[in-house]
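Below: the structure, in structure tokens.
Side-chain atoms are counted along with the backbone in the values below, which use heavy atoms only and exclude waters and symmetry mates.
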Amino acid sequence: MKKCMGCMRDYGEEYNQCPACGYSQEQADADKKRMPEILPAGTILSGRYILGRVLSNTDYSIIYMAWDALLLKRVAVREYFPVGLGRRSKRTNKISVQNSEKKKMFLYGLHAFEKEMILLHKMQDITGIVEVYRCIRENNTTYAVMEYLQGCTLQDRMDQEKRISPGEAGQIFRGLAGVLENLHARGICHGNLSPDSIYLEDTGRMRLIDFGGAKLQAYRKIGAEMEIFQTAYLAPEVMKGQAPEKNADLYSLGMIYARMLSGKEPKEGRPRLKSGNMDLEAQKLIQYLTAAKAEQRPENVQQLRAWMERENG
């Protein structure tokens with residue numbers, strides 16, 4: 001039997017491609033040629049995880065579909081591999097860094113990545129947070145083994161459909177507010193909430209798949225261009241380098257809600273209030289959440305809910 005590197009199902013030797021998803025060795029070879037920095041399909045980590053096709057490849061990390069050969073289930077594996085800081089050996093798959101200054105930057109980002117994955121792992125009991133099972137140090141970097149989700153990010157969804165209906169946008173808004181409330185109750189602020197960090201499962205559930213704070217810390221340290229981030233969703237004080245408070249997360253929540261309803265990206269750091277499916281109540285809510293001065297926003301989710309109850313009678 002063969003194992004498909006596209007969906008991790010088994011299929012017969014007589015087939016040239018997976019009967020279930022159509023993925024083939026030719027496609028795996030083409031992916032490797034197009035993305036030479038990725039690990040080859042079929043690579044085994046920690047003697048247990050078989051890596052398949054790439055689910056996401058960014059300037060900061062690579063996420064692979066994978067098969068847990070011990071528990072016999074699909075997982076996702078995220079590899080810390082910042083572009084421009086390291087190179088992968090074609091022979092050993094190990095990542096090497098060319099000079100001491102880059103190595104210092106690489107290690108700073110690596111530690112931030114590990115810290116964030118450990119934080120996610122400790123929050124497995126919070127509904128709406130992606131599960132992180134374990135971290136593996138191999139190939140001179142770190143891998144996070146996570147639950148495999150089927151669906152797409154909110155950003156991908158909006159790229160395809162432009163606007164989100166008011167009903168669904170409200171559901172996502174309330175779900176995010178609930179997750180933030182649970183995080184804040186533990187003294188944790190997300191700090192970099194954006195449509196890229198929100199995953200919409202095919203089952204209808206919404207999940208936060210990362211915090212983005214590790215990436216933000218790393219790139220501030222190495223002096224990379226901030227344009228790589230969705231900075232339009234960051235609170236002004238966070239953009240200036242201040243540590244995020246609870247109302248910074250609420251600012252991001254308001255900007256995301258505006259983007260869902262308007263169908264347009266924020267302009268010059270401000271939400272589009274007179275576009276798409278946005279009624280007067282939504283406009284007032286967004287204005288409250290996205291006030292430029294932190295003290296003019298709600299301090300926390302409880303205060304936000306109290307304000308909404310007053311406004312809605």
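- With hydrogens and angles disregarded, no donor-acceptor distance shorter than 3.5 Å links the side chain of N139 to the backbone of T141.
- In this structure, E138 and S46 have side chains that are in contact, with non-hydrogen atoms separated by less than 4.5 Å.
- In terms of hydrophobic clustering, with Ile, Leu, Val, Met, Phe, Trp and Tyr side chains grouped at heavy-atom distances under 4.5 Å, Y49 and M65 are assigned to different clusters.
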Subject >> Candidate pair E201 and R207, rule side chain to side chain contact (heavy atoms under 4.5 Å, CB included), full reasoning >> reply: CA-CA 8 Å; E201 292 187 76; R207 302 284 198 98; 3.1 Å; yes

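- With E237 contributing its side chain and Q242 its backbone, the two residues share no donor-acceptor pair below 3.5 Å.
- Listed by first then second residue, pairs satisfying side chain to side chain donor-acceptor pair (under 3.5 Å) with a partner in residues 167-180 read R157-E168, not counting sequence neighbours.
- Following chains of ILVMFWY side-chain contacts shorter than 4.5 Å, one cannot reach L55 starting from M146, and the two form parts of different hydrophobic clusters.
- Scanning both residues, T153 and P195, for their nearest heavy atoms gives CB-O, 3.9 Å.
- Closest heavy-atom contact between R297 and A292: NH2-O, 3.3 Å.
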**OP:** Let me see the working for L71 and R48 under side chain to side chain contact (heavy atoms under 4.5 Å, CB included), right down to the final yes or no.
**Re:** CA-CA 9 Å; L71 297 181; R48 172 174 172 178; 3.6 Å; yes

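- Within the 4.5 Å cutoff, the side chain of Y251 has no heavy atoms near those of the V238 side chain.
- Side-chain atoms of E265 and Y233 form a donor-acceptor pair, as typed in the model, at a separation below 3.5 Å.
- When the shell of 6.0 Å around CD of Q124 is examined, it contains more than 12 heavy atoms from other residues, nucleotides or ligands.
- In summary, the side chains of H184 and N300 do not present any donor paired with an acceptor at a separation below 3.5 Å, with no hydrogens or angles considered.
- A ring-centre distance under 6.0 Å is found for Y60 and Y80.
- Partners of L107 under the side-chain contact (heavy atoms from CB on, under 4.5 Å) rule, at least two apart in sequence or in another chain, are K103, L110, H111.
- At most 12 heavy atoms of other shown residues, nucleotides or ligands fall within 6.0 angstrom of atom CG in N16.
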Atom pairs and distances, side-chain donor-acceptor, residues 82-90, under 3.5 Å, sequence neighbours left out:
| unit_1 | atom_1 | unit_2 | atom_2 | d |
| --- | --- | --- | --- | --- |
| R88 | NE | E37 | O | 2.8 |
| R88 | NH1 | E79 | OE2 | 2.9 |
| R88 | NH1 | N93 | O | 3.4 |
| R88 | NH2 | E37 | O | 2.8 |
| R88 | NH2 | E79 | OE1 | 2.8 |
| R88 | NH2 | E79 | OE2 | 3.1 |
| S89 | OG | R91 | N | 3.2 |
| S89 | OG | T92 | N | 3.1 |
| S89 | OG | T92 | OG1 | 3.2 |

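- The two residues A41 and M5 come nearest to each other via the heavy atoms CB-CG, 3.8 Å.
- Taking the side chain as every heavy atom from C-beta outward, K122 and R186 never approach each other to under 4.5 Å.
- Linking Ile, Leu, Val, Met, Phe, Trp and Tyr residues whenever their side-chain heavy atoms come within less than 4.5 Å places L72 and I50 in a single cluster.
- For the pair Y288 and Q303, the tightest heavy-atom approach, listed with the atom from each and the gap, is OH-OE1, 3.8 Å.
- Side-chain contact between V179 and M206 is present, with at least one heavy-atom pair separated by less than 4.5 Å.
- Partners of R9 according to the salt bridge (Lys or Arg N to Asp or Glu O under 4.0 Å) rule, which considers only residues two or more places apart in sequence or in another chain, do not exist here.
- Using modelled atom types and a 3.5 Å distance limit, the side chains of Q160 and D156 yield no donor-acceptor pair.
- A side-chain donor-acceptor contact under 3.5 Å links Y64 to the backbone of L39.
- A donor-acceptor contact closer than 3.5 angstrom links the side chains of Q25 and D29.
- No donor-acceptor pair closer than 3.5 Å links the side chain of E309 to the backbone N or O of A306.
- For the pair Y199 (side chain) and G151 (backbone), a donor-acceptor distance under 3.5 Å is present.
- The residues R134 and D68 are annotated as not salt-bridged, no charged nitrogen and carboxylate oxygen being separated by less than 4.0 angstrom.
- Contacts of P19 classified as side-chain contact (heavy atoms from CB on, under 4.5 Å), with partners at least two apart in sequence or in another chain: Y11, Y15.
- A salt bridge between R34 and D31 is present, with a side-chain N of the basic residue lying under 4.0 Å from a carboxylate O of the acidic one.
- Between R305 and E181, the closest side-chain pair of non-hydrogen atoms falls below 4.5 Å.
- Scored by the salt bridge (Lys or Arg N to Asp or Glu O under 4.0 Å) test, E101 finds no partners at all (sequence neighbours excluded).
- Scanning all heavy atoms of the two residues, the minimum distance from M255 to P271 falls at SD-CD, 3.7 Å.
- I44 and I136 are assigned to two separate hydrophobic clusters, defined by single-linkage of ILVMFWY side chains at heavy-atom distances under 4.5 Å.
- Between S252 and L234 the shortest heavy-atom distance is OG-CA, 4.3 Å.
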**OP:** Would you sort out whether R205 and T127 count as a side chain to side chain contact (heavy atoms under 4.5 Å, CB included), showing the intermediate values?
**Re:** CA-CA 10 Å; R205 292 199 301 174; T127 302; 5.7 Å; no

